[in-house]
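In each ligand, atom 1 is the first atom listed, and ligand 1 is the first ligand listed.
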Amino acid sequence: MKRPKLKKASKRMTCHKRYKIQKKVREHHRKLRKEAKKRGHKKPRKDPGIPNSAPFKEAVLREAELRKQQLEELKQQQKLDRQKEQERKRKLEDNPDDEQTNVEPQQEFEEPKSKKAKPGKQNPKKLHCQELKKVIEASDVVLEVLDARDPLGSRCPQVEEAVVQSGHKRLILVLNKSDLVPKENLENWLNYLSKELPTVVFKASTNMKSREKKMLKVKKKVVPFQSKLCCGKEALCKLLRSFQQSCGKDIQVGVVGFPNVGKSSIINSVKQERICTVGVPMGLTRSMQIVPLDKQVTIIDSPCLIVSPCNSSAALALRSPVSIEALRPLEAASAILSQADSQQVVLKYTVPGYKDSLDFFTKLAQKRGLHQKGGTPNIESAAKLLWSEWTGASLGYYCHPPASWNPSPHFNENVAANMKKGFNLEELEINNAHSIRVLKGPHLTNRILFRSSGPTSGVIEEMDIPDELPRQKENKQDSEDQGNDDENKTESSDIPPVEDNGEMLPVESTANKPSDGSVTLAEMSQEGDAYDFKTDYV
Ligand SMILES: Nc1nc2c(ncn2[C@@H]2O[C@H](COP(=O)(O)OP(=O)(O)OP(=O)(O)O)[C@@H](O)[C@H]2O)c(=O)[nH]1
């Protein structure tokens with residue numbers, strides 16, 4: 001006989017009873033606190049974080065983020081190992097007599113180990129390239145994310161060529177970080193880039209904290225997200241949908257670009273959720289991540305493009321995800337400074353005029369109170385400060401677009417026309433105009449004119465990456481051999497050579513003359529060292 005279903009007892013109670021319980025709970029907590037106080041326990045103090053005025057705030061955050069990532073990966077690895085061990089034990093327990101199964105699980109267990117060992121031995125840059133190629137191959141539309149502060153410098157001819165050669169893929173340029181450049185400049189760039197490819201003006205949401213995330217989920221209607229923080233989302237989504245409708249099939253959209261241009265931030269902004277890892281450290285994304293936008297459109301996040309060693313020192317300094325210690329800060333910062341407008345630099349950093357980069361770093365160190373023992377200005381710290389600001393996400397610098405339109409070699413008028421097929425470009429134009437209207441430009445003192453080095457070459461073929469890192473190994477060996485000698489070296493050993501008259505040698509010449517046996521920026525890249533994966537991608 002079927003039993004009638006019992007109705008669940010209601011948890012409702014009288015207010016009197018509820019308040020009584022709450023009071024009891026409060027009393028209980030008070031008692032616990034009192035007892036803890038008696039035992040000498042103090043309430044743990046809240047971490048106040050790093051103040052904005054702290055020097056190297058971004059560098060410190062970067063390192064903390066990397067450490068966190070490494071820890072998470074280690075935990076994940078340990079968890080996987082534990083799971084495999086448990087599985088093996090369970091199989092052994094199930095079939096203790098079966099010799100074959102005794103052997104097989106062992107092999108099964110060992111095989112992934114050897115597979116896992118491979119990536120460690122293989123150059124991690126190659127893995128990076130493999131992932132990137134997978135993303136490009138899987139995509140119908142490739143979004144090339146450009147930093148609006150240097151759009152030309154964040155274009156990668158190699159990726160564009162790969163997309164053009166595929167024949168059927170489409171390429172869209174996304175001008176991200178448009179909040180960091182003056183409006184007129186943004187308009188000029190939009191006009192310039194739109195001649196070649198569909199271009200979307202974008203400003204990704206940057207401070208989407210977990211609290212905001214919760215708020216989004218709870219109060220779906222009162223979302224401060226779109227209006228306040230993100231700009232260009234509608235334009236991008238409508239553009240992708242217009243293409244999807246013209247294709248009549250589901251589409252995959254790959255997001256590619258150099259480190260820190262905001263690929264993951266764009267995906268998070270479009271999804272209005274913190275799905276992809278975002279942060280100031282360069283090269284945070286290490287593998288592709290598939291994010292469905294809706295039923296028809298899927299977005300794929302990709303690891304950053306690898307910068308080729310043939311680029312200028314400034315391009316290497318701005319786009320190589322090396323740790324600040326691995327990079328020679330004075331060399332990197334001088335390369336950046338040499339391409340910036342000196343008057344605006346003076347205005348931004350509120351230092352008196354400077355003769356050369358060494359003079360500037362000395363003055364900056366004095367201004368910011370960066371001193372070594374004995375009170376001499378710590379110019380290396382000043383250089384690090386400048387470098388971390390320029391590779392961070394808040395400094396507003398901008399470049400002028402070329403006077404005339406010079407299409408990239410792989411683009412001709414036919415290719416450009418082909419790339420625009422299937423998109424609703426009139427709608428895009430209206431949406432872009434709206435985005436520019438809504439955006440506030442950076443403050444006058446936060447605008448530095450920068451001379452772009454032109455498109456940055458990227459490495460997308462695995463074979464272009466060396467297997468071994470001979471120089472790095474040599475250096476390691478050397479430093480081990482030198483032992484205590486190195487420890488005795490002062491910080492000044494990193495300072496680039498200075499001419500007799502006190503002037504610092506040009507960046508290129510200093511790049512060729514490492515004073516302490518360490519490799520220069522260009523050398524590091526050539527030998528696969530620009531990405532210090534030991535430090536950044538353990
Ligand atoms: N001001 C501003 N900052 C942005 C914008 N988009 C991203 N950022 C910041 O730029 C930094 C890098 O953003 P990510 O989304 O991690 O960049 P990514 O291209 O995915 O970086 P990788 O993982 O290195 O490839 C973060 O600190 C973001 O907060 C933007 O539109 N405006």
Side-chain angles (χ1 to χ4, degrees), residues 57-62 64-66 68-69 124-125 128-129 131-132 135 143-151 154 156 159 174-182 186 200-209 212 225-226 228-233 235-236 254-271 273-289 291 299-307 318-323 388-398 435-436 438-443 446-447 456 458 530-531 533 536-537:
K57 180 177 176 179
E58 283 182 346
V60 173
L61 284 176
R62 210 172 277 188
E65 189 86 32
L66 277 175
K68 208 169 125 191
Q69 281 248 329
K125 274 191 190 177
H128 231 62
C129 272
E131 288 288 295
L132 191 70
V135 174
L143 298 187
E144 190 181 12
V145 183
L146 312 181
D147 190 330
R149 298 175 291 180
D150 181 8
S154 31
C156 177
V159 165
V174 182
L175 261 181
N176 191 35
K177 303 199 182 182
S178 44
D179 55 317
L180 297 176
V181 294
L186 191 62
V200 184
V201 172
F202 209 93
K203 186 249 169 250
S205 153
T206 47
N207 52 350
M208 198 186 180
K209 290 175 190 146
E212 277 174 25
F225 188 84
Q226 283 160 303
K228 244 171 124 183
L229 307 166
C230 169
C231 188
K233 172 183 168 271
L236 184 59
V255 185
V256 301
F258 283 108
N260 242 358
V261 288
K263 299 178 288 296
S264 309
S265 301
I266 290 175
I267 298 178
N268 288 348
S269 304
V270 168
K271 276 297 282 183
E273 257 182 84
R274 196 165 185 159
I275 294 182
C276 305
T277 320
V278 165
V280 185
M282 290 199 238
L284 266 184
T285 315
R286 272 169 259 170
S287 56
M288 61 191 269
Q289 190 176 347
V291 181
I299 304 186
I300 316 172
D301 194 6
S302 69
C304 61
L305 289 166
I306 291 169
V307 185
L318 286 172
R319 305 195 202 292
S320 299
V322 254
S323 84
S388 70
E389 278 193 12
W390 280 72
T391 52
S394 55
L395 186 91
Y397 64 90
Y398 66 99
S435 303
I436 296 177
V438 170
L439 280 166
K440 272 194 223 160
H443 192 264
N446 195 23
R447 298 174 180 192
T456 308
Y531 291 78
F533 280 88
D536 298 4
Y537 300 91

I want to know if ligand 1 touches N260 in the polar sense, i.e. an N/O pair below 3.5 angstrom. yes
Hey, which atoms in ligand 1 end up nearer than 4.0 Å to a heavy atom of K203? 31 (O)
Pair N176-V261, side chain to side chain contact (heavy atoms under 4.5 Å, CB included): steps then yes or no: CA-CA 7 Å; N176 191 35; V261 288; 5.9 Å; no
Looking at D147 and R319, is any side-chain nitrogen of the basic one under 4.0 Å from a carboxylate oxygen of the acidic one? no
Looking only at heavy atoms, which two atoms of L175 and A148 are closest? And how far apart? CD2-CA, 3.8 Å
Which of the atoms of ligand 1 are close to S264, meaning less than 4.0 Å from one of its heavy atoms? 15 (O), 20 (O)
May I ask you to check whether A393 has an N/O atom sitting below 3.5 Å from an N/O atom of ligand 1? yes
Side chain, backbone, both or neither: D179 near ligand 1, heavy atoms under 4.0 Å: side chain
Got T456 and V307 here, is their nearest side-chain heavy-atom distance under 4.5 Å? yes
Considering only heavy atoms, which of S269, S394, S265, G257 lies nearest to atom 13 (O) of ligand 1? S265
Y398: which residues meet the ring pair (Phe, Tyr, Trp, His ring centres under 6.0 Å) condition with it, sequence neighbours left out? H400
Provide the number and element of each atom of ligand 1 under 4.0 Å from a heavy atom of A204. 6 (N), 30 (C), 31 (O)
Check I266 against ligand 1 and report side chain, backbone, both or neither, counting heavy atoms closer than 4.0 Å. neither
Decide whether an N or O pair under 3.5 Å exists between G262 and ligand 1. yes
Atoms of ligand 1 close to L180 [distance to a heavy atom under 4.0 angstrom, numbered from 1]: 1 (N)
Evaluate S302 for polar contact with ligand 1, using N/O atom pairs at a separation under 3.5 Å. no
With sequence neighbours left out, the residues meeting side-chain hydrogen bond (donor to acceptor under 3.5 Å, both in side chains) with Q289 are none
